[in-house]
**Student:** 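The structure is given below, and queries will be raised subsequently.
Chain naming here is simple, since letters A, B, ... match the order of the sequence lines and numbering starts at 1 in each. Just so you know, these numbers come straight off a predicted model, no measurement behind them.
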Amino acid sequence: MTYDWPTLLPLIFAGLMGLAILIYVILDGFDLGIGILFAAAEDAEQDTMIAAIGPFWDANETWLVLAVGLLLVAFPLAHGTILTALYIPVFLLLLGLILRGVAFDFRAKVPAGKKHRWNRIFLIGSVIASLAQGYMLGVYVLGLDVGFGGMAFGALVALCLAAAYAAMGAAWLIYKTEGELQKKAVRWLRTALVLAALGMAAVSLATPFASPRIFDKWFVWPEMLYLSPLPILSVLLFAWLWRQTFHLPKPDDRGALTPFLTLAAIFALGFAGLAWSFYPFVVPDRLTIWQAASAPESLAIILAGTVVVLPIIIFYSFYAYRVFGGKATDLTYD
Amino acid sequence: MDPLILSRIQFGANISFHILFPAITIALGWVLLFFKLRYNATGDSAWMRAYFTWVKVFALSFAMGVVSGVTMSFQFGTNWPGYMEKVGNIAGPLLAYEILTAFFLEAAFLGIMLFGFRRVSNRIHTLATVLVAGGTTVSAFWIIVLNSWMQTPAGFEMRDGVAHAVDWWAIVFNPSMPYRLVHMLLASGLTVSFLIAGLSALRYLYGDRSESMWKALRTGVFTAAILIPIQIFAGDQHGLNTLEHQPQKIAAMEANWNTGPNVPLVLFALPDEAARENKFELAIPDGASLILRHSSSGVVPGLNDYPGNHPPVFPVFWGFRIMVGTGILMLIVSWSAAYFLKRHHSLPKPLALLMVPMALSGWLATLAGWYTTEIGRQPWLVTGVLKTADAVGPVAGSNVALTLAVYLVLYVLLLLAYLGVLVHLALKAAKDGDASPLPGVMNAALSQPAAGE
């Protein structure tokens, strides 16, 4: 492999796209998770839960636009192939995101009597969007052309991802709330962790059987050795976090952010594993990132803008999170 | 049904729903900045009340715009994969810049603008408002660039059937871009000023005479009265630009079947494409020649020059007339309202009653204008480069029909809910008047200057 621009640019964009997806999954993961947890929360708690994500969700969802946008502009052939194959799940994802997104604003602005309805729409939208994302991931892992078994696998991943999002939501609430709701969030986290761990184990076991290609990538010497830290670290972090849930919340609220950061690390590890499973394909077994990429000169133009803008985006995202740091109170326009 | 026509309807439905909200947020961001700056300069809390009433509309419109915008970014792939395959090298970077420079700017600073009033200094809050308003405008710039390039492509060459960029300056500043951009930004300004004027008129009818109502009403009416003549001029210039670069669109807009001089201006007709003639025509002799060529003997292009290669006449003809008709009504209403506000410091009740439905006149004119220009581009997706029929994806018609039906139901319900909330917010503001508590002076540690301090 020679390292000239036509080789490097698609690689860089695959990396950027992966980064955008990972950031999206972590950031909107806790938004969607809190939506799922609406099912178990009481009316008064729901206001605080919304306040914990209100200032952030617009920007969080924008990472999805960036990820899909990068797929669209850097790998146009893959964008078409993947999205036409996933037509109905994509539609459900969008439906869920639309319902969830507008419910955020409507619930705060409609007359008091109608608020309940929008709370329910918020829950339904979050659940649909999470399940659709998981299903799409599952079907994508198997290479898009799937039969009944593949759909079942997709459904399994969907439930697993929804549980993982719920865990993220609970972990975010531990950071952003206090008192009874915080204690409740710790219990939610524990339950969601069990479900997510069960799901992840099932997915890990099923994947090699469902896809011989991925099996071959993982279980050959010496790659097995280099890759072993990924699953081992994930299991250790899971176990450690599970133990932590029995000690939270701590006096003075020490380590309130730790569960969220731990989960983010687990997501990042899982994501690295997925990336390894696919490389160098962007459409499994069909299109490599080089086959699907736009012309190098077009990629260079996009890259020029990206290297200027992306650090700024990351910088002011940190700034916004700092401005709205601390415990969530009632959200008002002030 | 045919997947092509279903996909077109679906894309049209999605983008029509989407454009309603950017049409509001692009200009409303600047109006909010105006309210904020007036408050900074005068310390008059009525400006801040106007700000807080309209920032809620902004937040809701922005959310609707984001969720429908996400749908758009997927639609390219799900329904029109041929588009990116053919012109992705040009459309890609333009879309990327739209997302990178603008979308993020808006979305990240929106949080501070909406919820940060008491958390950051007044200066940072004003800066966040500037960045959000600027972000929406830059976002509009890139999208208009891409749309204009599809109408009047330039700065590229075809290699192996795929478009490659040759001159980015020519791509961005393609022939129709400056005209379309100005026309759309003014359209957004008019949409917002009529919305503000209309909802303030509703408050007026409910007996609200508070300072914040007057400030919003005056802002809406005077902005509209100033912008509408500029828009009529800009629209005329845009039309002349279209005549130069897309004459077949002009021929369809005027329902002119044969090229020639002394072409009349058709005021009303039912164009019949099969018979290639206008039924029930009502026309001003030589009108079109005079408007387009400034001479009664000026030659106006006719549809006979583009057999089988011109847009459908009926929707383009009527879309244009609805847009122009709405524009004329806007001129009459805004100038009479401005007159009464200036001279009598009040509104006659019939005029106020008319202004309430006119709150949505900007939406109607914007949609009609977009239908004119987009249907007027058919049968091309990218003029002379890619036909719409060649870009559609291999998705089953039944899938498209099913999702289309759900989208339509959802959009109607959301639109009703949205309008319901607007009316609810206006009536609530009318009830509270100047007595509503100001968030900035409620409690807690203030970083903001409160009224009277």
**Student:** Closer than 3.5 angstrom, by distance alone: can the side chain of B/Tyr97 be matched with the main-chain N or O of A/Gly305 as a donor-acceptor pair?
**Tutor:** yes
**Student:** Are the ring centres of B/Tyr418 and A/Phe106 closer than 6.0 Å?
**Tutor:** no
**Student:** Which atoms of A/Leu93 come close to chain B, meaning under 4.5 Å heavy atom to heavy atom: side chain ones, backbone ones, both, or neither?
**Tutor:** side chain
**Student:** If we define contacts as heavy-atom pairs under 4.5 Å, which of A/Leu97, A/Leu72, A/Leu95, A/Val308 has the most with chain B?
**Tutor:** A/Leu72
**Student:** For A/Ser298 versus B/Trp168, what's the shortest heavy-atom pair and its separation?
**Tutor:** OG-CZ2, 4.5 Å
**Student:** Relative to chain B, which segment of A/Thr306 carries a heavy atom at a distance below 4.5 Å: side chain, backbone, both, or neither?
**Tutor:** both
**Student:** Is there a side-chain contact between A/Phe91 and B/Asn399, using heavy atoms and a 4.5 Å cut-off?
**Tutor:** no
**Student:** Hey, what do you get for CH2 (A/Trp63) to CD1 (B/Ile99), rounding to the nearest 0.5 Å?
**Tutor:** 12.0 Å
**Student:** Just how far is it from atom CG of A/Leu83 to atom CE of B/Met84, taken to the nearest 0.5 Å?
**Tutor:** 11.5 Å
**Student:** Is there side-chain contact between A/Leu299 and B/Asn89, with heavy atoms separated by less than 4.5 Å?
**Tutor:** no
**Student:** Is there side-chain contact between A/Val73 and B/Leu94, with heavy atoms separated by less than 4.5 Å?
**Tutor:** no
**Student:** Would you indicate whether A/Met151, at its atom CE, is surrounded by more than 12 heavy atoms from other residues, nucleotides or ligands within a distance under 6.0 Å?
**Tutor:** no
**Student:** Heavy-atom distance under 4.5 Å to chain A: side chain of B/Val162, backbone, both or neither?
**Tutor:** neither
**Student:** List the atom of A/Val102, the atom of B/Met64, and the distance in Å for their closest heavy-atom pair.
**Tutor:** CG1-SD, 3.3 Å
**Student:** Is A/His116 atom NE2 crowded by more than 12 heavy atoms from other residues, nucleotides or ligands, each under 6.0 Å away?
**Tutor:** no
**Student:** Tell me, side chain or backbone of A/Ile301 under 4.5 Å from chain B's heavy atoms, or both, or neither?
**Tutor:** both
**Student:** So, for B/Thr403 and A/Tyr87, which heavy atoms are closest and what is the spacing to 0.1 Å?
**Tutor:** OG1-OH, 3.6 Å
**Student:** Nearest heavy-atom pair of B/Val67 and A/Ile98: which atoms, and what distance?
**Tutor:** CB-CA, 3.7 Å
**Student:** Determine the minimum heavy-atom distance between A/Gly101 and B/Ala63, stating which atoms define it.
**Tutor:** O-CB, 4.1 Å
